[in-house]
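Written out below as structure tokens is the structure these notes cover.
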Amino acid sequence: MTSLQRKIVCVVGARPNFVKAAPLLRQLRLYPDQFSPLLVHTGQHYDDNLSQQFFRDLEIPTPDEFLNIGSGSHAEQTAKIMIGIENTLQRESPELVVVFGDVNSTLAAAITASKLRIPLAHVESGLRNFDRSMPEEINRVLTDHLADILFASEESALANLAKEGIAKERVFLVGNIMIDSLCANLDKIKQAPVLDRLGLQPLSYATLTLHRANNVDESKILADLLSTIAEIAESIPVVFPCHPRTQKRMKEFGLADVMNNSRVRLTEPFGYLDFCALVHNSRFVLTDSGGIQEETTYMGIPCLTMRENTERPVTVQVGTNVLCGTDRELMISEARKIVTGEAKTGEVPRLWDGHTAERIVTVLQEWF
Ligand code: UD1
């Protein structure tokens, strides 16, 4: 490393982080005389199909450091990550730490960097659903208030941050970096063999993802949702790549049989390319994920979101997203509309164009 190179530690830990970090790392590496990026993986996600498969699919280099933290309660996981990251940051003395999204690894790294007085950048700042029952909302608010540079993906974020008193000089509307990954991989996604492997025809099925703690950690809520989905599956087959949290809960609550149905295909989680290919060819998607609301909007695939609110309102206002909460009648009637050809259509939001990482790096070049 020469004295002109700025050392930047990028911290990732969970599946959605990898999709957001890949384009930024690639862009930073285009300027080896200016930046020396290091990648730290906390190990919040560790299963191959939630972690290493994403590194392979997105061609992310092996992390410079793997903290191997694993699962635990919120406090346990966050605290262990903080201890691990503190060691790394003290040893490396970077000039900037970059965190992504809203997972526990994001918050843990943000607190640690701030207390070591290392400047912090947050990619995907300012999203709010004003629902503190979601751990992600707490992670988002706290991380934004610690960050020195805030990169926003949609305009709603600017108003949210302004209301919270965050100086607008720190905030940059750069667009959605997840969409950079989608644009960069679209050819590979179109060739991914997942449909052949599952024996599916394009547009003949719906894709389901379900893992939000609010939806899966209480037996009655999960049972009701699964029974609604089984009813939707009577009109169109459903493919359900099932997150380990949900698999665990379904077993624990004795609900595995509700999905034991010839119209629902329960699978292990897919890697990035296979999953995007599955979505790209779906008639519609049922989800409680944050990022999938955005990916479906970009791909023009109708999305029914099983949440009462969204921190990504542009996907509803401009995109293909419809919020259904856990309302059985609403989910069934919205699914029926799509199957009968009355799906909501949408447009691609401003700056979701595959060039967000370039805009971030330009801001960083000026900032240093
Ligand atoms: C985390 C994020 C969530 C994000 C999701 C993407 C937080 C608070 N939540 O939720 O915002 O949408 O990742 O997937 O950070 N497990 C495994 N293998 C793994 C990882 C987890 O089996 O590799 C199981 C463990 O039983 C674990 C549970 O899943 O206790 C939950 O994992 P955790 O990382 O705490 O939260 P997610 O539900 O994955």
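Indexing begins at 1, ligand by ligand and atom by atom, following the structure's order.
Shortest non-hydrogen contact noted between Ile236 and Ser204 is CG1-O, 3.7 Å. Closest approach of Ile232 and Ala335 over heavy atoms only: CG2-CB, 3.9 Å. Heavy atoms only, all atoms of each residue included: Ile118 and Asp148 are closest at O-OD2, 4.4 Å.
Close approach of ligand 1 to His243 (heavy-atom distance below 4.0 Å) involves ligand atoms 14 (O), 29 (O), 37 (P), 38 (O), 39 (O). Against a heavy-atom cut-off of under 4.0 Å, Leu50 is close to the following atoms of ligand 1: 19 (C), 20 (C), 23 (O). Within ligand 1, counting atoms from 1 as listed, the ones closer than 4.0 Å to a heavy atom of Ser71 are 21 (C), 25 (C), 27 (C), 30 (O). Close contacts between ligand 1 and Arg15 involve ligand atoms 14 (O) [criterion: under 4.0 Å to a heavy atom]. Of all the atoms in ligand 1, the ones that sit under 4.0 Å from a non-hydrogen atom of Gln44 are 1 (C), 7 (C), 15 (O), 20 (C), 34 (O).
In this structure, the protein non-hydrogen atom closest to atom 2 (C) of ligand 1 is Val103 CG1, 3.7 Å. The protein heavy-atom contact nearest to atom 16 (N) of ligand 1 is Tyr46 OH, 3.5 Å. The protein heavy-atom contact nearest to atom 26 (O) of ligand 1 is Lys248 NZ, 2.9 Å. Of all protein heavy atoms, the one lying nearest to atom 9 (N) of ligand 1 is Glu136 OE2, 3.5 Å. For atom 24 (C) of ligand 1, the closest non-hydrogen atom of the protein is Pro244 CB, 3.9 Å. In this structure, atom 4 (C) of ligand 1 lies nearest to the protein heavy atom His211 NE2, 3.8 Å.
For Tyr46 and Ser71, the side-chain atoms include at least one donor-acceptor pair closer than 3.5 Å. Gln365 and Gln34 are linked by a side-chain donor-acceptor pair at a separation below 3.5 angstrom, with hydrogens and angles left out of the test. In this structure, a donor-acceptor pair under 3.5 Å is present between the side chains of Arg328 and Ser227. Side chain to side chain, Asp131 and Asn309 meet the donor-acceptor criterion of an N or O pair below 3.5 Å. The closest side-chain donor-acceptor pair between Asp57 and Gln53 falls under 3.5 angstrom.
When heavy-atom distances to ligand 1 are checked against a 4.0 Å cut-off, Pro16 comes that close only through its side chain, counted from C-beta outward. The backbone and the side chain of Arg245 each have at least one atom closer than 4.0 Å to an atom of ligand 1 (non-hydrogen atoms only). Contacts of His45 with ligand 1, taken as heavy-atom pairs under 4.0 Å, involve both backbone and side chain.
By the 3.5 Å distance cut-off applied to N or O atoms, His74 is not counted among the residues near ligand 1. For a threshold of 3.5 Å applied to N or O pairs, the pair formed by Asn139 and ligand 1 contains no separation below that value.
Using cut-offs of 30° and 60° on the angle between ring planes, the pair Phe66 and His41 is perpendicular. Classified by interplanar angle (parallel below 30°, tilted 30° to 60°, perpendicular above 60°), the ring pair His243/His211 is parallel.
One option in Asn104, Asn49, Asp48, Thr246 has a heavy atom closer to atom 15 (O) of ligand 1 than any other, and that option is Asn104. For atom 18 (N) of ligand 1, the candidate residues are Asp102, Asp47, Val216; the nearest heavy-atom contact is made by Asp47.
Distance alone, capped at 3.5 Å, is enough to place a donor-acceptor pair between the Trp352 side chain and the Ser153 backbone.
Between Arg212 and ligand 1 there is a heavy-atom distance shorter than 4.0 Å.
Note on Ile8: it clusters hydrophobically with Val174, by side-chain heavy-atom contacts below 4.5 Å among ILVMFWY residues.
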